[in-house]
Protein chains: 2
Amino acid sequence: MRLSTKGRYAVTAMLDLTLNGSDGPVTLAEISETQGISLSYLEQLFAALRSKQLVKGVRGPGGGYYLGREADEISIADIICAVDEWVEFTRCGGNRDCQDGKRCLTHNLWDDLSNEIFSFLQSITLAELVERGGLKEHGCRKEKERESIMPRADTAAA
Amino acid sequence: MRLSTKGRYAVTAMLDLTLNGSDGPVTLAEISETQGISLSYLEQLFAALRSKQLVKGVRGPGGGYYLGREADEISIADIICAVDEWVEFTRCGGNRDCQDGKRCLTHNLWDDLSNEIFSFLQSITLAELVERGGLKEHGCRKEKERESIMPRADTAAA
DNA sequence: TTTTAAACCTAGTAAATAACTAGGTAATTA
DNA sequence: TAATTACCTAGTTATTTACTAGGTTTAAAA
């Protein structure tokens, strides 16, 4: 499991879909504007998300993106795995007898950690994240200002 | 908490010290040879480890490195934090009201995950790792071949 | 039917980092 | 005094991140 800002961007964008997708598709231009992520970078992230059926694209004017499944059926692990492809913590390529028939000494460590992180992220869905954050009421973009989910890079504290 | 091969190299090297440090200091040349990590890169890693008192250097012929504390008093988190300096998962710089007085929606998520990973790695010491791996008997480099702890990059499976 | 707004696609680029190389100096032992 | 080690500094290459620039399709709206 790899953890980077890339995966966090993807989670942020998916959260934006969750919050604002109830009345029509959300455009990447909107997400780009609100969350401060470049449009073309979002397109790349969404290409990966789409290939895993986590989002559905609608072309043409009035188009945009929907969640590919219900928000309570998409885990954070799903999202991160889609954009940050799995990188083994070990160098063994995943085979269990990497060291002359037995597993190398650190193998179990990184394996366990990897599982730990994965199950943590898999246990949290987009729906739960919205509930937990208590920000469900901010989702209606027709009546209120859209809201940034993550601080912008340029306004982040030093 | 950042997780990269850098931190894994450091853990591997520290494990080598743990296994082979019982009869005199271990040289970086030995670790470099056995674990397949470049000498100069090891020197950089050990500069960081030394600054955190995780290792003690002994200069001159017959010199090398010892563990800075007992193996059961050094956690994996200690090692990784020494070489992979902490990078916030959030962009908030750690302040709790990054989003107009309230915490951003993903803040708690990354915060929780970060804590999860940290406490996992903090709960495991070098000593435990050696016991768990059941490789304690391989530590005597005078009588047996030294053993690679992690597969070399060039021999790793494709 | 034309225009327009969006997804969708490809290639390239700048910045950061990881991992390494090269070439030293300083301390300690034999 | 010579050898061996830690210790230090300044580069270099490869990879990845995040972005830019330019397209093409699709479908709604004018």
Side-chain angles (χ1 to χ4, degrees), chain A residues 2-10 12-13 17 21 24-33 35-52 54-68 80 83-87 89 91 150 152-154 156, chain B residues 2-13 17 21 24-33 35-66 68 80 83-89 91 150 152-154 156:
Chain A
R2 187 196 206 97
L3 293 168
S4 68
T5 51
K6 194 176 176 185
R8 304 209 288 283
Y9 276 141
T12 301
L17 282 199
V26 179
T27 69
L28 293 189
E30 287 172 312
I31 298 177
S32 172
E33 171 81 14
Q35 309 299 339
I37 307 168
S38 97
L39 179 59
S40 238
Y41 195 42
L42 278 174
E43 284 177 342
Q44 284 171 43
L45 296 179
F46 273 72
L49 294 171
R50 190 162 39 82
S51 77
K52 295 281 164 53
L54 295 178
V55 295
K56 270 181 301 196
V58 179
R59 290 180 159 200
Y65 281 98
Y66 285 110
L67 290 181
I80 291 180
V83 297
D84 267 333
E85 70 267 39
W86 189 275
V87 174
F89 274 163
R91 288 198 293 195
M150 190 159 65
R152 285 158 172 273
D154 47 17
Chain B
R2 187 197 204 94
L3 293 169
S4 69
T5 52
K6 196 176 175 185
R8 303 208 289 282
Y9 276 142
V11 171
T12 301
L17 282 199
V26 179
T27 68
L28 293 189
E30 286 172 314
I31 299 177
S32 171
E33 171 81 14
Q35 307 301 336
I37 307 169
S38 99
L39 179 60
S40 236
Y41 195 42
L42 278 174
E43 285 177 340
Q44 284 169 43
L45 296 179
F46 273 71
L49 293 171
R50 192 163 36 84
S51 77
K52 295 281 164 54
Q53 272 89 47
L54 294 178
V55 295
K56 271 181 300 195
V58 179
R59 290 180 161 200
Y65 281 98
Y66 286 111
I80 291 180
V83 298
D84 267 333
E85 69 266 39
W86 189 274
V87 174
E88 286 292 328
F89 275 163
R91 288 200 295 197
M150 190 158 66
R152 285 159 172 272
D154 47 19

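By convention in this document, chain letters (A, B, ...) are assigned in the order of the sequence lines, proteins followed by strands, and residues within each chain are numbered from 1.
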Return the value, rounded to whole Å, for the distance between atom CD of E33(A) and atom C1' of dA6(C).
16 Å

OP1 or OP2 of dT17(D) less than 4.0 angstrom from a side-chain nitrogen or oxygen of Y9(A), does that happen here?
no

Provide, to the nearest angstrom, the distance between the CG atom belonging to L54(B) and the C1' atom belonging to dA6(D).
17 Å

Would you give a per-nucleotide map of nucleotides 10-16 of chain C, 5' to 3', where B means the base has a protein non-hydrogen atom under 4.0 Å away, S means only the sugar-phosphate does, and - means neither?
-B-----

Note: for G63(A) and Y41(B) on DNA chain C, the residue whose nearest nucleotide lies more 5' is G63(A)

When rounded to the nearest 0.5 angstrom, what is the spacing between CD1 in I80(B) and NZ in K6(B)?
12.0 Å

Can you tell me the distance, in whole Å, between the CG atom of L45(A) and the P atom of dA7(C)?
13 Å

How long is the line joining CG of L28(B) and P of dC7(D), in whole Å?
8 Å

Side-chain donor/acceptor pairs under 3.5 Å, residues 38-63 of chain B, sequence neighbours excluded:
residue	atom	partner	partner atom	Å
S38(B)	OG	Y41(B)	N	3.1
S51(B)	OG	A48(B)	O	2.8

Could you pull out the closest heavy-atom pair between V83(B) and A10(B), with the gap in Å?
CG2-CB, 3.8 Å

Could you give the CG-to-C1' distance, from L39(A) to dA7(C), as a whole number of Å?
10 Å

What integer distance in Å separates R50(A):CZ from dA7(C):C1'?
8 Å

At a heavy-atom distance below 4.0 Å, what parts of residues 55-62 of chain B sit against DNA chain C?
R59(B), G60(B), P61(B)

Measure the distance from OH on Y65(A) to P on dT26(D) and round it to the nearest whole Å.
14 Å

Do the side chains of I31(A) and T12(A) get nearer than 4.5 Å, heavy atoms only?
no

Could you report the tightest heavy-atom contact between P25(B) and Y66(B), atom names first, then the distance?
CD-OH, 3.2 Å

Atom pair distance, as rounded to whole Å: CD1 in I37(B) and P in dA18(C)
15 Å

